[in-house]
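Worksheet for the structure shown next.
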Amino acid sequence: MARPFFAMVDCNNFYVSCERVFAPCLEGRPVVVLSNNDGCVIARSAEAKALGIGMGEPEFRRRSFFVRHGVRVFSSNYALYGDMSARVQRVLSRFTPEVEPYSIDECFLLLPERDPEALVAVAREIRRTVVRWTGIPVCVGLARTKTLAKVANRLAKQRPESGGVWLFDGRAGIEAELARFDVGEVWGIGRRSAARLQRAGVLSALDLTRRPRDWVRRKLTVCGLRTMLELRSIPAIPLELAPPPARSVTCSRSFGVRMTALPALEEALSAYVQRAAEKLRSRRLAAGAVQVFVTTARHAPERQYANSGTLPLAAPSAYTPELTDRAGTILRAIFRPGYRYQKIGVLLLDLVPADRRQLTFAEWEDEEVAARHGALMRALDAVNGRFGRGSLRFAGSGTGPKPWHMRQRHLSPRFTTAWDQLPRVR
DNA sequence: TCTGGGGTCCTAGGACCC
DNA sequence: TCTGGGGTCCTAGGACCC
């Protein structure tokens, strides 16, 4: 029986590559992209890695280093990265209908069985096409399982002689590589599990494949067992063509400055609930419960406080005023004066399809109310879709300056999606 | 002064029921 | 002295991913 191959296509230094597409002068220079709020480094060009800049390093500690070494610094620009990601996916879907977008910069593809030379040729064609049509360089790992394809992708990136493509086929070759592959680098083995495995004498990915199933199951639960089977070339994680429906929607941010007063927190919370509710409606979902959390600054040498609360709704809803009302109630219950808050967030939980949601008694009794709520939200989303996010918003999120807004000191333009900023021609 | 945000899944343990 | 056992549901916390 023919056994297909998984291809893991991963964009190289994705966020940096996106910035470079629109600023080719950055080619060959050290470039980093920062997390939201310009907090820490989340993407590095090869030149930046060579300078010793680590993943997750706080920006403030490296600021003078960046200046000294001419490192170009960017704030995260998710409007740009999301659009570039969609372009890459569209190119990949020309090679096979079986594409699973796994993250903003990675896709799994399923390729039918064929001889190794032909597979590698397809992978090289994928690389050539993606970079020519989108400007984004990618590497391809090929193997019988997703987990091995991830390992192969890593090798494709690390070994210049691979030409950006690595194929895992044949037991001896796979085992030789797994013997040199740190178990903590395997997809699905995080820091905690890696430490426990190392204490038990499991250092390489190959070591893990040599342990009995029961032992792995006990140490790492069923997820770890699947990982181990996949390293043995036994498929245990299938390709997911249709993404499962979302189970929750979150919106949270760190503040640009610490906040102490309840009204300011309420303002920020209102803004995040509006954003979360927008996401909810764009996916045609309604929420059955609302959760709010607050935290103080983790790393600061001051009194810490973190708390959260959850409230169910009378019936699933995607109506912003109702969600805001519930969220505000939770915030007032968990707020404690005297702390310098760093972050607030809202989670919408117990999601159900909006068209099949249970009506509240009031809505059921008065269809007009439900219709008015729905029409208002559609109008709101339509205006913001046309004129840009936040063009029309609730007064609860504040009408004055917003000191809590996150910092984005190094933001590039939304080159591909900023239609709302262009002059309109009628 | 300054350290991201958004997800998923699994498990243990408690509450509750019969 | 001695006080069942098993099922289900829910939740919090942990672990993982990018």
Side-chain angles (χ1 to χ4, degrees), chain A residues 8 10-11 13-15 32-43 53-66 73-78 81-82 85 100-108 146-147 150 153-154 183-197 217-227 237 240 243-258 272 275-276 279-280 283 288-289 291 293 295-302 306-310 312 340 342-351 403 406-410:
Chain A
M8 153 69 7
D10 188 326
C11 303
N13 320 322
F14 180 56
Y15 297 170
V32 299
V33 177
L34 304 176
S35 62
N36 269 337
N37 220 30
D38 292 344
C40 53
V41 173
I42 55 166
I53 300 166
M55 190 71 168
E57 281 198 50
E59 182 264 352
F60 71 90
R61 243 183 246 155
R62 281 289 198 174
R63 197 167 297 156
S64 61
F65 179 92
F66 291 158
V73 178
F74 289 89
S75 299
S76 302
N77 185 342
Y78 287 102
Y81 311 150
S85 174
E100 174 191 334
Y102 173 68
S103 74
I104 195 162
D105 68 335
E106 296 165 281
C107 285
F108 285 107
K146 282 180 159 182
T147 305
K150 290 276 281 187
N153 186 283
R154 181 70 69 84
V183 75
E185 300 291 302
V186 173
W187 182 48
I189 308 291
R191 243 202 3 258
R192 306 300 284 262
S193 300
R196 292 172 62 202
L197 288 172
R217 164 91 228 261
R218 231 176 317 119
K219 274 274 193 242
L220 305 177
T221 81
V222 294
C223 303
L225 178 59
R226 279 196 283 265
T227 298
I237 306 175
E240 276 180 25
R247 303 176 57 84
S248 67
V249 167
T250 306
C251 184
S252 72
R253 295 278 183 284
S254 293
F255 304 128
V257 295
R258 301 283 177 264
Y272 303 161
R275 179 71 197 115
K279 284 195 222 175
L280 194 65
R283 298 173 197 184
Q291 184 174 85
F293 67 87
T295 63
T296 50
R298 260 180 324 179
H299 304 278
E302 56 190 54
N307 204 353
S308 70
T310 309
R340 297 170 68 235
Q342 190 214 10
K343 185 175 182 178
I344 193 166
V346 60
L347 283 80
L348 304 178
L349 309 168
D350 299 345
L351 307 186
M406 65 176 174
R407 286 187 298 272
Q408 288 183 306
R409 284 180 292 226
H410 312 279

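Every chain is numbered from 1 and lettered A, B, ... according to where its sequence line falls, protein lines coming before strand lines.
A:S252 contributes no side-chain N or O that, together with a main-chain N or O of A:I344, makes up a donor-acceptor pair within less than 3.5 Å. Under a 3.5 Å cut-off, the side chain of A:E100 and the backbone N or O of A:E240 do form a donor-acceptor pair. In this structure a side-chain-to-backbone donor-acceptor pair under 3.5 Å is present from A:S85 to A:I104.
Rounded to whole angstrom, the span from the CZ atom of A:R340 across to the P atom of B:dT3 amounts to 10 Å. For A:F293 and B:dG4, the CZ to C1' distance is 11 Å, given to the nearest whole Å. Atom CD1 in A:I189 sits about 8 Å away from atom P in C:dC16, given to the nearest Å. Following rounding to the nearest Å, A:I42 (CD1) and C:dC18 (P) show an atom-to-atom distance of 14 Å. Summarising the geometry, the separation between CZ on A:R192 and P on C:dC17 is reported as 13 Å, rounded to the nearest angstrom. Atom CZ in A:F60 sits about 8 Å away from atom P in B:dC2, given to the nearest Å. At whole-Å resolution of the value, OH in A:Y272 and P in B:dG4 are 13 Å apart. Distance CD1 (A:I104) to C1' (B:dG4): 14 Å, rounded to an integer number of Å.
Looking at heavy-atom distances under 4.0 Å, A:R196 makes no contact with the nucleic acid at all. Counting any heavy atom pair closer than 4.0 Å across all strands shown, A:Y102 reaches sugar-phosphate atoms only and no base atom. Nucleic acid contact class of A:L34 (heavy atoms, under 4.0 Å, all strands): none. Residue A:D105 is in sugar-phosphate contact alone, with no base atom involved, counting any heavy-atom pair closer than 4.0 Å across all strands shown. Within the 4.0 angstrom heavy-atom criterion, only backbone atoms of the sugar-phosphate kind lie near A:E106; the bases stay farther away. Heavy atoms of A:V346 sit nowhere under 4.0 angstrom from any nucleic acid atom.
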Enumerate all atom pairs, one protein N or O and one N or O from nucleotides 5-9 of chain B, separated by less than 3.5 Å.
unit_1 : atom_1 : unit_2 : atom_2 : d
B:dG5  : OP1    : A:S254 : N      : 2.4
B:dG5  : OP2    : A:S254 : OG     : 3.0
B:dG5  : OP2    : A:K343 : NZ     : 3.1
B:dG5  : O3'    : A:R253 : NH1    : 3.4
B:dG6  : OP1    : A:R253 : NH1    : 2.9
B:dG6  : OP2    : A:S252 : N      : 2.6
B:dG6  : OP2    : A:S252 : O      : 3.0
B:dG6  : OP2    : A:S252 : OG     : 2.7
B:dG7  : OP2    : A:T250 : N      : 2.4
B:dG7  : OP2    : A:T250 : OG1    : 3.1
B:dT8  : OP1    : A:R247 : N      : 2.9
B:dT8  : OP2    : A:S248 : OG     : 3.0

Got a list of protein N/O to nucleotides 10-13 of chain C N/O distances below 3.5 Å?
none

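The side chain of A:Q342 places no N or O atom within less than 4.0 Å of a non-bridging phosphate oxygen (OP1 or OP2) of B:dC2. Remark: A:S76 is not in phosphate contact with B:dG4, judged by side-chain N or O atoms under 4.0 Å from OP1 or OP2. A sub-4.0 Å separation between OP1 or OP2 of C:dA15 and a side-chain N or O of A:K219 is absent.
Residues passing the side-chain contact (heavy atoms from CB on, under 4.5 Å) test with A:S193, sequence neighbours excluded: A:I189, A:L220. With sequence neighbours left out, A:S75 forms a side chain to side chain donor-acceptor pair (under 3.5 Å) with A:D38. Applying the side chain to side chain donor-acceptor pair (under 3.5 Å) rule to A:N307 yields the partners A:Y305; only residues at least two apart in sequence or on another chain are considered. Taking the ring pair (Phe, Tyr, Trp, His ring centres under 6.0 Å) definition, one finds that A:Y15 meets it with A:Y78, A:Y81, sequence neighbours left out. A:S35 is linked by a side-chain contact (heavy atoms from CB on, under 4.5 Å) to A:C40, A:I42, counting only residues two or more places apart in sequence or in another chain. Listed by chain and number, the residues in a side-chain contact (heavy atoms from CB on, under 4.5 Å) with A:P58 are A:F60, A:R61 (sequence neighbours excluded). Residues forming a ring pair (Phe, Tyr, Trp, His ring centres under 6.0 Å) with A:F108 (at least two apart in sequence, or on another chain): A:Y102, A:W187. Listed by chain and number, the residues in a side chain to side chain donor-acceptor pair (under 3.5 Å) with A:T310 are A:Q291 (sequence neighbours excluded). Taking the ring pair (Phe, Tyr, Trp, His ring centres under 6.0 Å) definition, one finds that A:F14 meets it with nothing, sequence neighbours left out.
Nearest-nucleotide assignment on DNA chain B puts the 5′-proximal partner with A:R407, out of A:R407 and A:R217.
In terms of heavy-atom proximity, A:L34 sits nearest to A:E59 at CD1-CG, 3.6 Å.
Judged by distance alone, with hydrogens and angles left aside, A:R258 brings no side-chain donor or acceptor close enough to the base of B:dT1 to form a pair under 3.5 Å.
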| In dot-bracket form, how is DNA chain B paired, counting a Watson-Crick or G-U wobble pair only if both its distances are under 3.5 Å and using | for bases paired to another strand? | ....||||||||||||||
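Checking B:dT3, C:dC18, C:dC16 against every side-chain atom of A:R61, the shortest atom distance belongs to B:dT3.
Using atom C1' as the reference point in both B:dC16 and C:dG4, the two lie 16 Å apart (nearest Å).
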